[in-house]
Structures are given as C-alpha cells and as structure tokens.
There are 2 protein chains.
Amino acid sequence: METREPTRPGPRRTVTDQDLVDAALQLLDRGGPDALSVRALAAEVGLTATAVYTYFPTKDAVVAAATDGLLGRAPIADLADRRRPGRDRVIGFALGLRRLLLDHPGAVPLLLRSGFNGPHALAVGEGLLVALADAGLTPDDAARASYLLTTHLLGTVALDVAEPGGADAGGDDARTAVRRAVLENLPGAAFPRTVEAAPVIAGYNSTAQYRWGLERLVDAVGPAGA
Amino acid sequence: METREPTRPGPRRTVTDQDLVDAALQLLDRGGPDALSVRALAAEVGLTATAVYTYFPTKDAVVAAATDGLLGRAPIADLADRRRPGRDRVIGFALGLRRLLLDHPGAVPLLLRSGFNGPHALAVGEGLLVALADAGLTPDDAARASYLLTTHLLGTVALDVAEPGGADAGGDDARTAVRRAVLENLPGAAFPRTVEAAPVIAGYNSTAQYRWGLERLVDAVGPAGA
DNA sequence: ACCTGAACACCGTTCAAGT
DNA sequence: ACCTGAACACCGTTCAAGT
C-alpha cells in the first residue's frame with residue numbers, strides 16, 4: 001500500500017517551480033549571468049518561453065528565486081552548532097558561504113542585485129545573529145556586526161568575480177601570478193606604492209587574505225573590545 | 001592672435017570619447033543600468049547606434065570607461081592632504097566615495113562588474129596606500145587594509161543599491177521606517193533575533209551604520225594593534 | 001491550470017556603402 | 001576617420017487560442 005503524498009488527479013505535471021530554479025542555476029553556472037534568458041530556461045526544462053510565465057510572473061522573479069535558492073545552500077548548520085564557540089562558528093560559516101558563492105560566479109552579479117529579502121537570506125541573517133549573541137555581543141552589536149560581516153563578504157565576492165579572467169583563470173595561485181605580473185608592469189612613477197605592494201595586492205582574492213580581514217573584523221566587533 | 005591647441009583641419013568633430021562617457025553616466029543616472037543601451041547612448045549625442053563603434057569597440061568598453069570615469073570623481077585629494085592624520089584622511093575619503101556612489105545608483109551594478117583596473121581605480125588604490133602608510137602601517141599591512149576598506153565599501157554600496165525601492169524611496173529616514181515596518185511584521189517564531197533587532201537592522205543603510213563599521217575596521221588594521 | 005505560436009518593441013553587433 | 005542604413009540573431013513580455 002504505497003502512500004504517496006496526495007496529488008491531484010489529471011495529466012502528469014512535468015515541471016515544478018523548483019525545476020525552473022535548478023535549471024536557472026545550472027544555466028548561470030554554465031554560461032554566466034547573460035546565459036539565463038527566459039527562452040534558454042524554457043528550453044532547459046522542455047517548455048516554450050511563454051509557458052515560464054505560468055510559474056513566475058517575470059524573469060526578475062525567477063532570478064530572485066534562484067539567488068535565494070543559492071543562499072539556501074549556505075552552511076547555516078555551522079552557525080547553529082552550540083557546542084562550538086560563537087566566534088569559530090561565525091568564521092567557519094563566512095568561509096563556507098564565500099566558497100559557495102565563488103563556486104557559482106555566474107550567480108553572483110544577480111545575487112548582488114537581489115535585495116536579500118528572500119526566506120533563505122533571512123535565515124542566514126538570523127543564524128548570524130544567534131552565533132554572534134552566543135559570542136557575547138549585545139543584540140544591537142550583533143546586528144551591526146552581522147551587517148559588517150555581510151558587506152565584507154559580498155564586497156569580497158563581488159571583486160573576485162569581477163576580476164578579468166574571472167573564475168576560469170585557473171586556481172588561486174595561477175590568478176595571483178597573473179595579477180602580480182600586471183601590477184609589476186604598471187608605471188612605477190605614477191603608482192609607486194601599488195608597484196611596491198604588488199605581491200600582496202596580487203593575492204587579494206586569496207582565501208588567506210579574506211581570512212586576514214575576517215578575523216580582524218570579528219575581533220573588532222567582539223565583546224573583547226567592551 | 002588666438003592660439004587654440006593645434007587641431008587637424010577638416011570637418012568639425014562633434015563628438016568625443018568623453019562626450020560618450022558623460023552621456024552614458026547621464027543615462028545611468030536617469031534610468032538605471034538597463035537604460036544604457038548603445039542605441040540610447042547614440043541618440044543622446046546625436047549619432048546612429050553603429051557610429052558608437054567608431055569610438056569604442058564594444059558596449060563593455062563604454063561601460064568600463066564610464067564606471068572608471070565615475071571613480072575619477074572620487075575625493076582623492078582628501079587622501080593626499082598630508083596636513084591631516086592618515087586615519088582621518090582614510091575615513092573622510094571612504095565616506096566621500098560612498099556618497100559619490102550612492103548618488104549614482106544606476107552606475108553601481110555596472111561598477112561592481114567592472115574589474116577595477118582602469119586608471120582612476122588604480123589612483124584610488126594608490127591614494128589609499130599612501131594615507132594608510134602615513135597612518136603608520138607597513139606597506140604590506142597597508143595593502144591588506146586597503147583591500148578590507150574597499151570590499152567593505154563596495155559591499156555596503158551594493159546592498160544599499162539593491163534595496164527594494166532603491167534610491168528613490170525618499171531619504172535615509174523614510175527608507176529606515178519602511179524597512180522597520182517590514183522587519184517587525186516578519187514571523188517572530190522563525191526569526192526571533194531578526195525581529196528583536198529590527199530597529200538596528202532597519203538602519204543598516206544609514207551613514208551612521210557605515211561609519212560604525214568603518215571606524216572599527218580602521219582601528220582593527222591600524223598600528224595601535226601592533 | 002498549463003501550454004503553444006505569433007507578435008511587439010526592443011537588444012548588441014556586423015557589414016557594405018558612403019564622405 | 002567617421003558615419004549611415006539594412007540586417008542578423010537575439011531579448012522580455014503580451015495576447016489570443018487551445019487543452
């Protein structure tokens with residue numbers, strides 16, 4: 001006696017909202033932000049372009065669902081694990097969310113324009129507030145710290161994805177080497193400090209550099225300063 | 001005997017690269033990122049769409065020139081003024097650049113995808129390195145701090161511009177009130193900390209909140225911690 | 001409710017042709 | 001060199017029509 005969830009009778013539905021969200025993310029992963037067109041999305045799930053408007057009122061609504069869906073894959077379980085110190089949870093989560101977004105560079109430009117008002121965006125914010133409160137911050141300071149962490153994370157990811165050559169320029173080391181060569185060929189008379197610091201600047205996009213800022217940031221807002 | 005700069009003879013040129021850059025920024029200011037099309041740009045300066053390709057090889061090149069041109073209006077003179085402490089110069093500059101970008105919200109999504117490799121972007125980076133070195137940081141720490149300040153600034157501006165209602169939602173106070181009402185109507189069972197901190201979260205986009213993070217950030221990277 | 005096909009008003013870009 | 005007009009392969013979205 002197989003008990004499926006109660007479905008309405010009638011012809012088999014072949015496509016769901018979730019199918020479209022998944023297909024949208026796949027298109028973004030494969031071809032970047034410009035690859036997500038209503039026509040391409042429809043073809044991906046075997047529909048005609050106009051049928052998409054049965055599921056979502058506009059393309060913007062599809063984009064909003066897809067970008068919030070991406071945030072739904074953020075490691076918020078890390079934030080809720082009360083056996084670990086709040087500070088460790090925040091740092092681990094931030095590193096994990098950065099990794100997630102850098103693994104989907106095509107979605108990032110759309111995410112940055114999305115408003116961050118979907119259910120998964122709210123869940124991320126709530127989780128950060130919990131972990132920061134556990135780290136000893138007052139509710140108000142936890143909110144300010146959450147915003148500081150978020151802007152730092154999103155700004156970092158935005159710059160990384162905007163990098164010429166983008167994500168397909170090989171690994172961290174290969175990108176750093178390319179950046180360094182460019183920086184060292186700059187006119188030293190006009191930009192002496194930039195040329196001098198080229199090795200560090202070349203590594204801006206590295207995980208080490210993100211962690212450097214993240215740790216200082218967490219310590220700067222923490223209760224240790226109170 | 002009027003001595004104009006030597007111009008070639010022949011029919012009067014009516015349009016320059018700079019005209020197109022200025023027109024692009026005006027279109028972005030008036031209608032947001034989607035208002036900048038090659039056809040609209042051409043019409044703005046009295047050309048046909050295809051004539052634009054005489055000046056720039058692609059639309060992306062126009063966008064790059066326009067966004068870097070916007071950075072050219074950043075108050076880098078603030079950074080170079082050696083009569084003031086480095087810390088004050090950095091904070092004043094960051095506040096000024098944030099204001100500049102928020103005054104041109106239509107250009108921000110394009111700026112965030114621009115790569116920041118134009119001459120004015122480089123000049124901003126160089127100025128930050130100078131002021132941070134004057135504040136007592138080592139060259140390497142100045143570079144890391146410059147990146148931290150930049151990501152924070154860009155993340156802040158990105159979130160601000162992405163806000164539903166955007167820049168045309170009245171002043172800071174009006175936007176905060178709207179955000180607060182939305183936050184307080186959230187399901188308190190699912191997002192208790194978010195609802196609790198609603199008054200602070202509603203003010204995320206305020207200059208006060210940006211300054212809160214900026215000052216902590218500057219102090220966290222400063223030589224005081226050494 | 002879900003889906004199709006035709007259509008509208010747009011895009012960025014190329015090309016042949018003119019001055 | 002600068003500019004035009006026609007054209008190509010696309011866009012997001014609407015609408016009438018079908019099941």
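Letters go in sequence order (proteins before strands), and every chain restarts at 1.
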Nearest whole angstrom, please: distance from the C1' of C:dC11 to the NZ of B:Lys59.
8 Å
Show the numbers, then the answer: is there a side chain to side chain donor-acceptor pair (under 3.5 Å) between B:Gln209 and B:Asn205?
CA-CA 7 Å; B:Gln209 170 67 22; B:Asn205 292 338; over 6 Å; no
Once you round it to whole Å, what is the distance between C1' of D:dC2 and CG of B:Asp19?
15 Å
Here the distance between atom P of C:dA6 and atom CZ of A:Arg39, to the nearest Å, is 13 Å
Rounded distance in Å - OH (A:Tyr53) to P (C:dT4):
14 Å
Should the pair B:Glu163-A:Arg113 be classified as a salt bridge under the 4.0 Å nitrogen-to-oxygen rule?
no
Salt bridge (Lys or Arg N to Asp or Glu O under 4.0 Å) for B:Asp160 and B:Arg175? Distances and angles first, verdict last.
CA-CA 10 Å; B:Asp160 192 299; B:Arg175 294 176 64 190; 3.1 Å; yes
Rounded to whole Å, CG of A:Leu41 lies from P of D:dC10 at a distance of 17 Å
Output yes when at least one side-chain N/O atom of A:Thr48 is less than 4.0 Å from OP1 or OP2 of C:dA6, else no.
no
List DNA chain C stems (3 or more consecutive Watson-Crick/G-U pairs, under 3.5 Å)?
C:4-8 with D:12-16, C:12-16 with D:4-8
Looking only at side chains, do B:Thr176 and B:Asp173 share a donor and an acceptor under 3.5 Å apart?
no
Check A:Trp212 against B:Val221 and note the closest heavy-atom contact, atom names and distance.
CH2-CG1, 3.8 Å
Looking only at side-chain atoms of B:Thr54, point me to the closest of D:dC2, D:dC11, C:dC3.
D:dC2
Ignoring the backbone of B:Leu47, work out which of D:dC11, C:dC3, D:dC3 is nearest its side chain.
D:dC3
Hey, does A:Ser37 reach any base, or is it just sugar-phosphate, or nothing, if we go heavy atoms under 4.0 Å?
sugar-phosphate
Nearest 0.5 Å please: distance from the CG atom of B:Leu153 over to the CG atom of B:Leu101.
6.0 Å
Could you check A:Thr50 against A:Asp34 and say which one's nearest nucleotide on DNA chain D is further toward the 5' end?
A:Asp34
Determine, for B:Arg179 against B:Glu184, whether the closest basic-nitrogen to carboxylate-oxygen distance falls under 4.0 angstrom.
no
Can you check whether B:Tyr55 has a side-chain N or O nearer than 4.0 Å to OP1 or OP2 of D:dA1?
no
Atom CG of B:Asp60 to atom P of C:dT13: distance rounded to whole Å?
7 Å
Using the side-chain heavy atoms of B:Ala51, tell me which of these nucleotides is nearest: C:dT4, D:dC3, C:dT13.
D:dC3
